[in-house]
Each structure stands twice: as structure tokens, then as C-alpha cells.
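Below: one structure, written as C-alpha cells.
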Amino acid sequence: MPITSRDREILRLAVPAFGALVAEPLFLLADYAIVGHGLGTAAVGALGVAGAVLATLVNLCVFLAYGTTASVSRQTGAGNHDQAMRSGVNGIWLALAIGVAVIAVVWPLAPTLVELFGANPAQSEQAVTYLRISLLGAPGMLVVLAGTGVLRGLQDTVTPLVVAVGSFALNAALNAWFVLGLHWGIAGSAWGTVLAQTLGAAVYLVAVARGARRLGTPLTPDPRGVRQAGTAGFALLIRTVCLRIVLLAATVIATRMGEAELAAYAIATQVWTLLAFALDAIAIAGQAITGRSLGAGDVAATRAATKRMVQWGIWSGVVLALLVIAARPVLPGLFDADPHVTELLLAVLWPVALFQPVCGVVFVLDGVLIGAGDQRYLAWAGVWTTLAYLPAALAASGLGVVALWCALVVWMLARLVTLTLRAAGPAWLVTGA
């Protein structure tokens with residue numbers, strides 16, 4: 001596949017996006033290592049429980065990045081640079097408002113949310129402490145999402161990479177100091193996260209403020225624009241909720257199958273998540289390129305870029321599939337899996353590997369339609385594909401973990417159908433600002 005100027009544009013956006021995506025899980029592993037070394041197993045469990053709650057909040061609010069990318073890139077393509085920056089400013093104000101609301105709602109519910117995970121008393125107390133302190137960083141965390149969307153919409157994925165690496169490295173350093181040096185316990189890890197998130201948000205606020213000053217764009221919120229950002233975000237929220245329902249249902253079913261089945265499923269999920277980061281990087285490029293080209297009114301360029309990114313998705317999926325197959329014999333040993341888990345994992349890794357090309361197409365088209373602002377269709381498609389998945393998952397519940405993973409393949413195939421049918425038609429090709 002010869003490299004063209006369009007390929008170079010895709011890579012210019014996708015490669016830094018991939019780096020930013022993988023920075024978080026890598027530094028989170030460092031946090032777990034610091035807490036485990038300094039505080040013991042109970043603290044690691046507490047961090048896992050509180051981290052699961054926070055991760056859910058982040059996943060539900062990812063529309064702040066995706067929706068802002070779509071609106072800013074479209075206005076940029078149309079040449080409305082002032083309005084592009086205005087969209088970004090409104091997205092950041094929406095993030096701040098949601099962040100404050102998250103603190104107000106989740107703070108009193110923290111003990112109840114932790115209790116849902118069934119943690120023991122020692123873990124529960126530490127998990128509530130970590131969760132409540134970390135909530136203070138929620139506004140900053142969500143501003144980072146919106147600010148990332150602004151810069152991606154402006155076709156800049158390098159700055160988000162720099163901020164991601166810098167803030168996560170700072171997070172690890174602060175956690176080591178607070179936990180191992182100052183002996184603040186689990187609270188030290190939480191305060192390190194809050195400070196790193198807040199400083200990362202400050203970098204985005206400075207970047208957006210400088211851009212707004214250069215264009216003469218006011219930094220005060222536009223109530224109508226904030227409401228529009230919220231409306232567009234609601235459709236993406238429905239899409240995200242559907243994704244979470246699928247993954248949560250799979251986890252629940254795997255848990256009921258048995259300890260070995262759950263372990264094999266969990267390891268396979270971590271492998272799949274790492275592969276998803278690579279494919280999602282192309283999807284992020286798709287968001288930025290599609291929004292800009294449709295904003296410029298260039299349908300032909302949008303079609304051509306979409307076709308090329310789908311090709312990238314397919315070939316990336318093929319490469320990832322071959323890597324999984326090649327690494328399959330050694331992966332169980334990396335996780336110190338026992339013989340039963342190893343047997344199950346080796347079987348599960350086959351469907352994980354073989355449907356990577358399908359994932360490549362699905363991720364790319366999902367990003368393209370997000371960039372086009374086709375959120376309402378994505379919301380409805382999310383509902384229908386979830387409804388297609390649930391019967392397959394229930395049928396797999398008595399057949400083992402491989403069948404459960406095949407049910408996830410059914411879900412991805414349903415997403416492939418809904419996305420390719422939409423992309424083949426003209427309804428999403430709405431041009432202009």
C-alpha cells in the first residue's frame with residue numbers, strides 16, 4: 001500500500017493520538033505498583049474499586065472530547081476560525097459544569113458505589129477516601145477531555161500527546177512522593193492524581209485562551225452554544241452507555257462462569273483493549289479529517305479519506321491479528337496464569353485475533369460518523385447493536401468463555417453492518433458549518 005499525501009495526513013494525526021491513548025494505562029500501572037509496594041494488597045484492591053468508578057465517569061463523559069472535535073473541526077474546515085474557537089470554549093464550560101455536578105452527586109454516594117463492588121471493610125474505607133479526594137479533580141479531568149477535543153478539531157494531536165505524557169508522568173512522581181516519601185497512604189495517591197489532572201487542565205485552558213485572544217473570541221460562556229454542545233453530547237452519551245452495557249454484561253456473565261473463566265476473560269479483555277488503542281488512533285484521525293473536509297464542503301475528499309482510512313483500519317487489524325497469533329503461546333506466561341486459565345486463554349485468543357480486521361473497520365467508521373456530527377444515528381445504532389448482542393451473550397452463558405467472546409464478535413458484526421450501511425449512503429454527508 002503506497003504512502004500518499006492523504007496517508008501522511010492520517011499518520012500525522014493518528015500516531016500522536018495513539019501515544020496519548022497508551023500513556024494513561026501505562027502510568028496507571030505505575031500507580032498500582034507504587035500503592036502495592038507502599039501500602040499492600042488491601043490498598044491495591046481499594047484503588048481498583050475506586051478506579052473502576054472513576055473510569056466509568058470518564059468513559060461516560062468522553063463525548064466532551066468527541067463532540068468538541070466534531071464541532072471545532074467542522075467550523076475550521078468552513079473557515080470560521082472564530083466560531084471554531086467559540087465551540088471549543090463552550091465545550092470547556094460544559095466540561096466545568098459537568099465536573100462540578102459530578103462532585104455534588106457522587107461525593108455523598110461514594111460509600112454506596114464502593115459497596116456495590118463487594119469490597120471488604122478495610123478496602124471499602126480506603127476506596128471511599130480515594131474516590132472522594134479524586135472527585136476534586138473531576139472538573140480538571142473533564143476539561144482535559146474537552147481541551148483534547150478542541151486541539152484535535154484544530155488538527156493538532158501532538159499537544160495532547162505532550163500533555164498526556166507530562167501529566168501522567170507527574171502523577172506517577174507525585175504518587176511516589178506522597179505515598180512512599182510522605183506516607184500519606186491511599187490519600188496521597190489520590191492527591192497526586194488530582195494535582196496532575198488539574199495542572200493538565202490548566203495547560204489546555206492556557207492554550208485555548210491564547211487561541212481565543214488571537215482571534216478575539218470571548219472566553220465567557222454562550223448559553224445557547226453550551227446547550228447545543230450538551231444536546232450533541234447526549235446522543236454520544238447514549239452510544240457510550242450502550243458500549244458500557246455490552247462490556248458490563250460480558251463481565252457479569254464471565255464472573256458467573258467461574259474463577260478460571262473470569263480470569264481468562266479479563267486477560268483477553270486487556271489484550272483487546274490494548275489493540276483497540278491502536279485502532280482508535282485512526283478513528284480519532286477520522287473525526288478530525290471528516291469534520292474539517294465536510295466543513296469545507298468537500299464531499300469527494302471526505303469519501304476518499306474515509307475509503308483510505310477504512311483500508312488503514314483493515315490492514316492494521318490484519319497486522320494486529322497476526323501479532324496476537326504470534327504472541328499467543330507466551331501471553332499466558334506473562335500473566336502467570338495457571339494451567340486451566342492458560343487453556344481457556346489460548347482458546348479465547350483465537351476470536352480476539354481473528355476479528356481484529358472487523359474492529360479496524362468498525363472503529364474507523366465510528367470515528368468518521370462522529371466527525372460528521374452524525375451522533376443521533378450512532379445513538380440509535382448503539383441501541384440496536386446492543387439488542388442484537390444480549391441474546392447472543394445469554395445463549396453463550398452456558399457454553400463457556402469462548403462462546404462468550406464469540407457473542408462479542410456478533411456485537412462487532414452488528415456494528416459493522418449498521419456503520420457500513422450508513423457510510424455507504426449520503427445522509428451523513430452534511431456540508432458546511
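We number each residue from 1, following the sequence as shown.
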Taking side chain as C-beta onward, heavy atoms only, is L275 less than 4.5 Å from L279? no
I284 and R152, any side-chain heavy atoms less than 4.5 Å apart: yes
May I have the step-by-step check of side-chain contact (heavy atoms from CB on, under 4.5 Å) for L408 and Y389, ending in yes or no? CA-CA 7 Å; L408 289 169; Y389 163 76; 3.7 Å; yes
Is there a side-chain contact between V102 and M141 (heavy atoms, below 4.5 Å)? no
Stepwise side-chain contact (heavy atoms from CB on, under 4.5 Å) check, Y130 with L54: CA-CA 10 Å; Y130 185 94; L54 293 169; 3.8 Å; yes
Can you name the nearest heavy-atom pair linking S134 to A190, along with the distance? OG-CB, 3.7 Å
Which pair of heavy atoms, one from A250 and one from L404, lies closest together, and at what distance? O-CD2, 3.5 Å
Could you grab the distance from atom CG of L145 to atom CD1 of I98, nearest 0.5 Å is fine? 10.0 Å
Would you call the rings of F355 and W272 parallel, tilted or perpendicular if under 30° counts as parallel and over 60° as perpendicular? parallel
Indicate whether any N or O donor in one side chain lies under 3.5 Å from an N or O acceptor in the other, for D82 and T217. yes
Does the T198 side chain pair with the main chain of L195, one donor and one acceptor, at a distance under 3.5 Å? no
Q197 versus S167: any side-chain heavy-atom pair under 4.5 Å? no
T193 (side chain) donor-acceptor with S189 (main chain) under 3.5 angstrom: yes
In terms of side-chain heavy atoms, does R308 have a donor or acceptor partner in Q311 at a distance below 3.5 Å? yes
Start with the C-alpha distance between L243 and R415, add both sets of side-chain angles, then the distance that settles side-chain contact (heavy atoms from CB on, under 4.5 Å), and finish with yes or no. CA-CA 11 Å; L243 297 178; R415 294 184 69 192; 3.9 Å; yes
Just how far is it from atom CE of M309 to atom CD1 of I282, taken to the nearest 0.5 Å? 9.5 Å
The single option from L161, T159, V165 passing side-chain contact (heavy atoms from CB on, under 4.5 Å) against V163: T159
The reported gap from CG in L378 to SG in C242 (rounded to nearest 0.5 angstrom) is 10.5 Å
Heavy-atom nearest pair, A187 first then T129, reads CB-CG2, 4.2 Å
Between atom OH of Y377 and atom CH2 of W428, what is the distance when rounded to the nearest 0.5 Å? 12.5 Å
Side-chain contact, heavy-atom cut-off 4.5 Å: W191 with L174? no
Minimum heavy-atom distance between W93 and L219, given as atom pair plus value: NE1-O, 2.8 Å
Is the side chain of N90 donor-acceptor paired with the backbone N or O of D222 at a distance under 3.5 Å, no angle test? yes
I'd like to know whether the aromatic ring centres of W184 and F178 sit less than 6.0 Å apart in this structure. yes
Considering only distance and modelled atom types, tabulate donor-acceptor pairs under 3.5 Å from the side chains of residues 369-376, sequence neighbours left out.
residue, atom, partner, partner atom, Å
D374, OD1, R422, NH2, 3.0
D374, OD2, R422, NE, 2.7
D374, OD2, R422, NH2, 3.4

Could you walk me through whether L237 and L60 pass the side-chain contact (heavy atoms from CB on, under 4.5 Å) test, one step at a time? CA-CA 6 Å; L237 175 63; L60 291 177; 4.0 Å; yes
Is the shortest distance from a Lys or Arg side-chain nitrogen in R292 or D298 to a carboxylate oxygen in the other one below 4.0 Å? no
Euclidean distance, L236 CG relative to R239 CZ, rounded to 0.5 Å: 6.5 Å
Can you find a heavy atom in the side chain of L154 that is under 4.5 Å from one in the side chain of M85? yes
Heavy-atom closest contact (T290 atom, V368 atom, distance): CG2-O, 3.4 Å
Nearest 0.5 Å, please: how far is CG in L416 from CG in L365? 7.5 Å
Are the side chains of V89 and P221 in touch, meaning some heavy atoms are under 4.5 Å apart? no
Smallest heavy-atom separation, V72 atom then V150 atom, equals CG1-O, 3.7 Å
Beyond-backbone contact of I238 with V383, side-chain heavy atoms, under 4.5 angstrom: yes
Can you tell me if CD on Q155 sees more than 12 non-hydrogen neighbours from other groups inside 6.0 Å? yes
